[in-house]
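Read the structure below first, then the notes.
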Amino acid sequence: MIRPILVANWKMNKTVSESLDFVSRLKQLVIGINDRQVVIAPPFTALYSVGATLKASGIGLAAQNLSENSDGACTGEVSARMLADMGCTYVIVGHSERRSLFGESNAVVCAKISMALQFGMQPIVCIGETLEERETGRTFDVLARQIKEGLHQIESSDIRHLLIAYEPVWAIGTGKTATPEQAGKAHAFIRQLIEKSYGKEPASRLPVIYGGSVRPDNIGKLMAQDDINGALVGGASLDVDTFAKIVAF
Ligand code: PGA
């Protein structure tokens, strides 16, 4: 049984003081909930103070992105070593906004996953099809390619450190959630792909979480699907009471 994991992806939102207000309240709201992992992904600017407030709370800290390069001449970038030093234990890699707005290819995603693993962080690897890809029947081909190319340099022994987030691009920030059945099918397919390449055992332990317009009123049905092990929540993670309801699904 995989412990459910609920990740708040704040994207480019919240100042340091807004972030601290949120996490101080969240800590109170989730007291006693120990059967699931909660993770907060604040913007880079709030990582340090959020990390300090979360210490010993059991709530994990994630970065939203990292550089595929090591420390050095890369103005404006943040390295895996810096993020690990900040206390991040997770990092989101290959979010669809990174892919579409910043041109991140599967090869870049692969390099970022390697960097995260090298510094002991668990990459939350985002994959998902666009509306056009779904409507032209290419969903599974797209997912297979993102997995194959995104993970091609990853050792089998590292698969147990990964999380995959299935985020259909058409469901992100649109209010259109994949039906639990659509999401369930995609998750089962992703697990089969991992099983084919890396074996049954690592595939059965791999958390595959869903993202795309997750809200308190749809999380229960999504989590009832066998292969859905958690959620990556954007818009609905910005309000602490709403996110706490999702955590308590
Ligand atoms: P959303 O975003 O919940 O606002 O759809 C999810 C995500 O982008 O991770």
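Index from 1, following the sequence. In each ligand, atom 1 is the first atom listed, and ligand 1 is the first ligand listed.
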>> By the definition side chain to side chain donor-acceptor pair (under 3.5 Å), identify the one residue from Arg138, Glu133, Arg134 that meets it with Thr136.
In response: Arg138
> Would Ser237 count as a contact of ligand 1 if the rule is a heavy atom under 4.0 Å away?
Replying inline: no
>> Under the side chain to side chain donor-acceptor pair (under 3.5 Å) test against Asn65, which residue among Glu97, Lys112, Glu77 passes?
In response: Lys112
> Gly173 to ligand 1: N or O pair under 3.5 Å?
Replying inline: yes
> Counting from 1, what ligand 1 atoms have a heavy atom of Lys11 closer than 4.0 Å?
Replying inline: 2 (O), 7 (C), 8 (O)
> Would you call Glu195 and Arg191 a salt bridge, taking side-chain N to carboxylate O under 4.0 Å as the test?
Replying inline: no
> Out of curiosity, is Arg215 lining ligand 1, as in a heavy atom under 4.0 Å away?
Replying inline: no
> Which class fits the ring pair His187 and Tyr210: parallel under 30°, tilted 30 to 60°, perpendicular over 60°?
Replying inline: tilted
> Do any pairs count as a ring-ring contact (aromatic ring centres under 6.0 Å, His included) and have a residue in residues 24-74, sequence neighbours left out, and if so which ones?
Replying inline: none
> Which residue owns the protein heavy atom closest to atom 9 (O) of ligand 1, what's the atom, and how far is it?
Replying inline: Glu167 OE2, 2.7 Å
> Can you tell me the protein heavy atom closest to atom 4 (O) of ligand 1 and the distance?
Replying inline: Gly235 N, 2.8 Å
> So is Ala236 in contact with ligand 1, going by heavy-atom distances below 4.0 Å?
Replying inline: no
> Quick one: does ligand 1 sit under 4.0 Å from the side chain of Cys126, the backbone, both or neither, non-hydrogen atoms only?
Replying inline: neither
> Which ligand 1 atoms, with their elements, are less than 4.0 angstrom from a heavy-atom of Gly212?
Replying inline: 5 (O)
> Going by the atom numbers of ligand 1, which of them fall below 4.0 Å from some non-hydrogen atom of His95?
Replying inline: 7 (C), 8 (O), 9 (O)
> Where is the tightest heavy-atom contact between Val214 and Ile219, given as atom of each residue plus distance?
Replying inline: CG1-CD1, 3.8 Å
> Can an N or O of Thr174 be found at a distance shorter than 3.5 Å from an N or O of ligand 1?
Replying inline: no
> Does Arg25 pair with Asp241 as a salt bridge, N-O distance under 4.0 Å?
Replying inline: yes
>> Show me which atoms of ligand 1 lie under 4.0 Å from any heavy atom of Ala171.
In response: 5 (O)
>> Out of all atoms in ligand 1, which are within 4.0 Å of some heavy atom of Asn9? Include the element for each.
In response: 9 (O)
>> List the residues meeting side chain to side chain donor-acceptor pair (under 3.5 Å) with Gln64, not counting sequence neighbours, and say none if there are none.
In response: none
>> Tell me whether the count of non-hydrogen atoms from other residues, nucleotides or ligands lying under 6.0 Å of NZ in Lys27 goes above 12.
In response: yes
> Which protein non-hydrogen atom lies closest to atom 3 (O) of ligand 1, naming both residue and atom, and how far is it?
Replying inline: Gly234 N, 2.9 Å
